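To start, the structure itself, in structure tokens.
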Amino acid sequence: MPADRSEALPAARRPHRLAGGQPGLLEPGASTDPYRLRLYRILRTDFPLGYDPGLGAWLLSRYADVALALTDPRFTGYPRDGAPRGPIPAPLGLCRGSLVCTPLPGSGTDRIPGSTPATASAVERAAYVLARRIAGRDQADLVGEFCRWLPAGLSSPELNAPVRTGGATTDCARHTGLRERALASFLANMLDDPDLLAAAAGGAGPGAGPVAEAGTGMLLGRAWTETLRRDPPVQIVLRRTRTEVRVSGGTLPAGAPVACLIGAAGRDPARFTAPDRFDPLRADADPLLTGPAGCPAALLGRLEAEHGLRALLTAMPGIRWADGFRPASSGVLTRGPRSLLVRPS
């Protein structure tokens, strides 16, 4: 593991240290980029268990510890007390926290398991309307003019109706800014790789290799899953211990608030090969960080990503980054690109 060289960074880009040298998640500068600041790396290697007074919680940053906190019955609190536990927890950051994930109404006959033809048609229709609106521009910002409106622009009655779970009404299928961030990160990752983009468009760029051999539907689904691993819209999920729990860095006391650092766990080199690389075809993909496929929020997020990219490529087959633009994400609680400037043709 490379040594911590954060002291070689400019002062404004160094992670602020608390007493004992632990980086503080809510201290000035931490939210700029916890990855480039090596904040998550420092926590995983040097402070796998430490208390952050700003958050008021114990921090878990290693994949094995985060996975334990998300699935073990000795932890509770997400989405709320009494939430069902299992090998795959409720989707991280995409729902508003219902006790039970209830699939969207319908028989689930669409290509994506758990979705319905009406659901897919509503997403597809909204995506194409938005894409055509910006196709004739010299330059467009996909965050402000596409990602912000696709989750909000669905008009299907089945999407606008609240979902009922055990007699209680929830709105986890309604619009949420977290799906905007996830969609923006997905588009940024795809636009950054010409081979992936060509494969998504049904072609093959030079040197595409295995990417060109993957079916378009499978490729986009795996690219969505990979985005939630590498660039999760919610970086921190709060839990609480029911009893003392032993983790890799020590022992958590009973009744302790715990902050699961999803952004750190998703890039833990002990679990993922080349964790900073966006690789939809990676052999070590993990559903833990995406949640159950039948949840309405996770389902809609994937539909928006797949149909959104298809609509953009159909309306703007020559879409590319605007001259000199590079996407940049921000945030340490929730995270995503601030803008995605493109040339539609």
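These numbers were taken from a predicted model, which means no experiment stands behind them.
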Gln235 and Leu261: CA distance, side-chain angles, deciding distance, side-chain contact (heavy atoms from CB on, under 4.5 Å) verdict: CA-CA 6 Å; Gln235 299 273 301; Leu261 306 187; over 6 Å; no
Working for side-chain contact (heavy atoms from CB on, under 4.5 Å), residues Val245 and Val258: CA-CA 11 Å; Val245 181; Val258 179; over 6 Å; no
Residue pair Asp192, Arg326: steps toward the salt bridge (charged side-chain N to carboxylate O under 4.0 Å, His left out) verdict: CA-CA 9 Å; Asp192 248 358; Arg326 292 295 306 154; 2.8 Å; yes
Test salt bridge (charged side-chain N to carboxylate O under 4.0 Å, His left out) applied to Asp138 and Arg343, step by step: CA-CA 6 Å; Asp138 292 331; Arg343 292 180 61 88; 5.9 Å; no
Worked verdict on Val342 versus Arg320 for side-chain contact (heavy atoms from CB on, under 4.5 Å): CA-CA 5 Å; Val342 299; Arg320 61 191 185 279; over 6 Å; no
Intermediate values then yes/no, side-chain contact (heavy atoms from CB on, under 4.5 Å), Leu70 and Ile262: CA-CA 10 Å; Leu70 292 176; Ile262 307 301; 4.2 Å; yes
Salt bridge (charged side-chain N to carboxylate O under 4.0 Å, His left out) evaluation trace for Arg222 with Glu226: CA-CA 6 Å; Arg222 296 190 68 165; Glu226 176 72 343; over 6 Å; no
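Taking 4.5 Å as the limit, every side-chain heavy atom of Pro48 sits out of range of all side-chain heavy atoms of Val247. In this structure the side chain of Leu59 never reaches within 4.5 angstrom of the side chain of Phe47, judged on heavy atoms. Here the side chains of Arg179 and Leu300 are in contact, with some heavy-atom distance below 4.5 Å. Looking at Ile236 and Leu238, their side chains come closer than 4.5 Å, going by heavy atoms from C-beta outward. Counting heavy atoms from C-beta on, the side chains of Pro275 and Arg230 never come closer than 4.5 Å. Side-chain contact check for Val237 versus Val66: every heavy-atom pair is 4.5 Å or farther apart.
Counting only distance, with no hydrogens or angles, the side chain of Arg282 and the backbone of Ala274 share a donor-acceptor pair below 3.5 Å. Judged by distance alone, the side chain of Arg239 and the main-chain N or O of Thr76 form a donor-acceptor pair under 3.5 Å. Listed for the Thr241 side chain is no donor-acceptor partner under 3.5 Å among the backbone atoms of Phe75. Trp321 places no side-chain N or O within 3.5 Å of a backbone atom of Pro327 that could act as its donor or acceptor partner. Side chain of Asp268 to backbone of Arg62: no donor-acceptor contact under 3.5 angstrom is found. A side-chain donor-acceptor contact under 3.5 Å links Asp284 to the backbone of Thr273.
A distance of 6.0 Å separates CG of Leu187 from CG of Leu142, quoted to the nearest 0.5 Å. Taking CD from Gln139 and CD from Glu145, the interatomic distance works out to 9.5 Å, rounded to the nearest 0.5 Å. Rounded to the nearest 0.5 Å, atoms CZ (Arg302) and NE2 (His307) are 10.0 Å apart. In this structure, CZ on Phe272 lies 12.0 Å from CG on Asp279, to the nearest 0.5 angstrom. For the atom pair CG (Asn189) and CZ (Phe278), the distance works out to 4.0 Å, reported to the nearest 0.5 Å. Between atom CE of residue Met190 and atom CG of residue Leu220 there is a gap of 5.5 Å, rounded to the nearest 0.5 Å.
Judged as a side-chain hydrogen bond (donor to acceptor under 3.5 Å, both in side chains), and not counting sequence neighbours, Asp141 has no contacts. Thr225 meets the side chain to side chain contact (heavy atoms under 4.5 Å, CB included) test with Thr290; sequence neighbours excluded.
Under a hydrophobic clustering in which Ile, Leu, Val, Met, Phe, Trp and Tyr are joined whenever their side-chain heavy atoms come within less than 4.5 Å, directly or via other members, Tyr128 and Trp149 fall into different clusters. Following chains of ILVMFWY side-chain contacts shorter than 4.5 Å, one cannot reach Val123 starting from Val129, and the two form parts of different hydrophobic clusters. When the side chains of ILVMFWY residues are joined at heavy-atom separations under 4.5 Å, either directly or via intervening members, Leu49 and Tyr51 end up in a single hydrophobic cluster.
Taking the ring axis of Tyr35 as reference, the NZ or CZ atom of Arg267 stays within 45° of it and closer than 6.0 Å to the ring centre.
Of the listed residues (Leu228, Thr227, Thr334), just one forms a side chain to side chain contact (heavy atoms under 4.5 Å, CB included) with Pro233, and that residue is Leu228.
Nearest heavy atom pair, residue Pro23 against residue Leu43, reads CD-CD2, 3.8 Å. A pairwise comparison of heavy atoms in Ala131 and Ala311 identifies CB-O, 3.6 Å as the closest pair.
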